[in-house]
Amino acid sequence: MTIVDLFKLDGRKALVTGAGRGIGRVMAISLAEAGCDIGIFEKNLADAQNVVAEIKKLGKKAYAVEGDVTKKDEVEKQFAALAKQLGGLDIVINNAGVCIHEAAETTPEEHLDFVVDTDLKGVFYCCQAASKIMIPKKKGSIINIASMSGTVANYPQKQAHYNAAKAGVILLTKCLAIEWVGYNIRVNCISPGYTRTEMTVKLSAPEMIKQWESLTPMKRMADPQELCGAAVYLASDAASFTTGSDIIVDGGYTAM
Ligand SMILES: NC(=O)c1ccc[n+]([C@@H]2O[C@H](COP(=O)([O-])OP(=O)(O)OC[C@H]3O[C@@H](n4cnc5c(N)ncnc54)[C@H](O)[C@@H]3O)[C@@H](O)[C@H]2O)c1
């Protein structure tokens, strides 16, 4: 088998959460281009259905279900439904996430719950639901989307709850990698730096974006496509000895 063959994902079944837009959308399309059929678990069903249509044009099967990663029972039920429609589940990308910019000293409890429930507990529920399908098959690759904000504090915006949740995702990933190594389930995460999506560009003032770009050694934000090589690698057999890793894709931000 050549190294090119090891990267191929033909016939694999992949589920991506929050793939209605942004990073999740581009990762779902990239996995389809690499050969996967795709299931999308998304809060915004209309967006997810548009992505399903894009993937079908690539000649791959695609399905969308409406769901909220903060609801444990819904996650379990809908992951099982997608796996049934896909005819299996080889790859899960836990991408759905939210961010709020606010000072820690005045963060209301409901915002803390919203961010931690979505970005940390949601990933835990999704990993649990994936494991229930993958453990009996003794095979799987789970990829959690953490953030460089799980490793460093951001500047100038304040987002302590988000960063703490993302740091939690990185350690959760390592713990699950070790817990599930005997089931042949690899668990890794990708930590993006500043990336052009609705979460960042549409919700942030142009001056803040300029500041982020100047603080990034490459002097720009990422296009979501630039994160997808890491996702295809982690999903594929090329990563057969890679588990418990955090691949940081941040234009050099955390290297400083
Ligand atoms: N954009 C960045 O600069 C950046 C950097 C580092 C990490 N990330 C992480 O990457 C992931 C994707 O970010 P993005 O920039 O594409 O965000 P985005 O806001 O553009 O897209 C997020 C998607 O997740 C969905 N979603 C949100 N909450 C959900 C829930 N409870 N259940 C199901 N779906 C839900 C949304 O409907 C949306 O389609 C997030 O986990 C984010 O924290 C983003």
Side-chain angles (χ1 to χ4, degrees), residues 15-30 39-52 64-79 82 92-101 113-126 129 143-152 154 157 159 161-170 172-173 189-204 208-209 211-213 215-216 218 220-228 230-231 246-251 253-254:
L15 188 164
V16 187
T17 70
R21 68 180 200 191
I23 292 169
R25 172 184 162 273
V26 180
M27 283 192 177
I29 291 170
S30 296
I40 296 176
F41 178 100
E42 167 63 67
K43 214 169 173 178
N44 185 329
L45 187 60
D47 281 356
Q49 280 164 341
N50 289 336
V51 180
V52 162
V65 295
E66 189 172 2
D68 180 340
V69 296
T70 67
K71 303 204 164 101
K72 185 181 186 298
D73 293 345
E74 200 168 293
V75 169
E76 205 165 309
K77 187 174 137 225
Q78 296 289 46
F79 270 45
L82 278 175
V92 169
I93 301 190
N94 294 316
N95 159 81
V98 292
C99 185
I100 304 175
H101 296 167
D113 286 346
F114 174 63
V115 171
V116 174
D117 285 356
T118 308
D119 293 352
L120 180 55
K121 280 178 77 177
V123 173
F124 196 107
Y125 293 151
C126 292
I143 302 162
N144 296 325
I145 305 305
S147 172
M148 70 171 183
S149 308
T151 298
V152 290
N154 295 72
Q157 78 277 22
Q159 47 179 55
H161 40 19
Y162 177 85
N163 290 36
K166 292 295 187 180
V169 170
I170 296 169
L172 173 66
T173 299
C189 56
I190 297 172
S191 283
Y194 291 117
T195 305
R196 289 196 167 272
T197 67
E198 284 83 345
M199 179 186 273
T200 49
V201 176
K202 288 208 177 142
L203 299 181
S204 309
M208 185 172 292
I209 289 171
Q211 221 167 343
W212 292 344
E213 289 181 330
L215 288 167
T216 302
M218 285 193 175
R220 63 180 179 85
M221 294 173 78
D223 182 280
Q225 183 76 52
E226 294 180 279
L227 308 171
C228 294
D246 175 26
I247 301 187
I248 303 179
V249 186
D250 67 354
Y253 196 104
T254 56

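Note that ligands are numbered from 1 as they come in the structure, with each ligand's atoms numbered from 1 the same way.
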> Is it true that, when you exclude Met208 itself, more than 12 heavy atoms of the residues, nucleotides or ligands shown sit nearer than 6.0 Å to its CE?
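Yes, the 6.0 Å shell around CE holds more than 12 heavy atoms from other groups.
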
> For the 3.5 Å polar cut-off, considering only N or O atoms, please tell me whether Thr70 and ligand 1 meet it.
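No, Thr70 has no N/O under 3.5 Å of an N/O on ligand 1.
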
> Are Asn44 and Arg21 close enough that some pair of their side-chain heavy atoms sits under 4.5 Å apart?
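Result no, sub-4.5 Å side-chain heavy-atom pair not found.
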
> Once you restrict to heavy atoms under 4.0 Å, what part of Met221 touches ligand 1? Side chain, backbone, both or neither.
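None of Met221 does.
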
> Among all protein heavy atoms, pick the one closest to atom 35 (C) of ligand 1 and tell me residue, atom and distance.
Ala96 CB, 3.6 Å

> Tell me whether Asn44 has any N or O atom under 3.5 angstrom from an N or O of ligand 1.
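For ligand 1, there is no N or O atom that lies under 3.5 Å from one belonging to Asn44.
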
> Counting heavy atoms only, which of Ala165, Gly193, Cys99 is nearest atom 5 (C) of ligand 1?
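Residue with the shortest heavy-atom distance to the ligand atom: Gly193.
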
> Assess Met148 for proximity to ligand 1: is some non-hydrogen atom of it under 4.0 Å away?
no

> What's the shortest distance from atom 15 (O) of ligand 1 to any protein heavy atom, and which residue and atom give it?
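For this ligand atom, the closest protein heavy atom is Thr197 OG1, 2.5 Å.
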
> May I ask whether Ile145 has any heavy atom positioned less than 4.0 angstrom from an atom of ligand 1?
yes

> Would you indicate which of Ser149, Pro224, Ala146 comes nearest to atom 7 (C) of ligand 1 when only heavy atoms are counted?
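The option holding the nearest heavy atom is Ala146.
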
> Taking all non-hydrogen atoms of both residues, which atom of Ser191 and which atom of Ala146 are closest, and how far apart?
OG-CB, 3.5 Å

> What's the shortest distance from atom 18 (P) of ligand 1 to any protein heavy atom, and which residue and atom give it?
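Answer for atom 18 (P) of ligand 1: Arg21 NE, 3.4 Å.
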
> Would you say Val69 has any N or O atom under 3.5 Å from an N or O of ligand 1, going by distance alone?
yes

> Look at ligand 1 and say whether Ala19 reaches it with a heavy atom at a distance under 4.0 Å.
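No, Ala19 has no heavy atoms under 4.0 Å from ligand 1.
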
> Using a 4.0 Å cut-off to any heavy atom of Glu198, which atoms of ligand 1 qualify?
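Close to Glu198: 20 (O).
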
> Could an N or O of ligand 1 be found under 3.5 Å from any N or O of Tyr194, whether backbone or side chain?
no

> Return the set of residues passing salt bridge (charged side-chain N to carboxylate O under 4.0 Å, His left out) with Asp68 (not counting sequence neighbours), or none when no residue passes.
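Salt bridge (charged side-chain N to carboxylate O under 4.0 Å, His left out) check on Asp68 returns Lys71.
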
> Which residues satisfy the side chain to side chain donor-acceptor pair (under 3.5 Å) test with Asp250, sequence neighbours excluded?
Thr254

> To check your reading of the model: name the closest protein heavy atom to atom 8 (N) of ligand 1, its residue, and the distance in Å.
Tyr162 OH, 3.6 Å

> In the protein, which heavy atom is nearest to atom 37 (O) of ligand 1, and how far is it?
Glu42 OE2, 2.4 Å

> How close does the nearest protein non-hydrogen atom get to atom 3 (O) of ligand 1, and which residue and atom is it?
Thr195 N, 2.8 Å

> Quick one: does Val249's side chain get under 4.5 Å of Pro192's, heavy atoms only?
no

> Walk me through it: do Glu198 and Arg25 pass the test salt bridge (Lys or Arg N to Asp or Glu O under 4.0 Å)?
CA-CA 12 Å; Glu198 284 83 345; Arg25 172 184 162 273; over 6 Å; no

> Return the closest protein heavy atom for atom 34 (N) of ligand 1 as residue, atom name and distance.
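Ranking protein heavy atoms by distance from atom 34 (N) of ligand 1, first comes Lys43 N, 3.3 Å.
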
> Can you pull out the closest protein heavy atom to atom 44 (C) of ligand 1? Residue, atom name and distance to 0.1 Å, please.
Ile23 CD1, 3.6 Å

> Aromatic rings Tyr194 and Tyr253: how do their planes relate, parallel, tilted or perpendicular, breaks at 30° and 60°?
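Tyr194 vs Tyr253 ring planes: perpendicular.
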
> Non-hydrogen atoms of Thr200 versus ligand 1: any pair closer than 4.0 Å?
yes

> Below 3.5 angstrom, do we get any N/O pair linking Ser147 and ligand 1?
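Checking ligand 1 against Ser147, no N or O pair falls under 3.5 Å apart.
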
> Examine Asp68 against ligand 1 and note whether any of their N/O atoms are separated by less than 3.5 Å.
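Such a contact does occur with ligand 1.
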
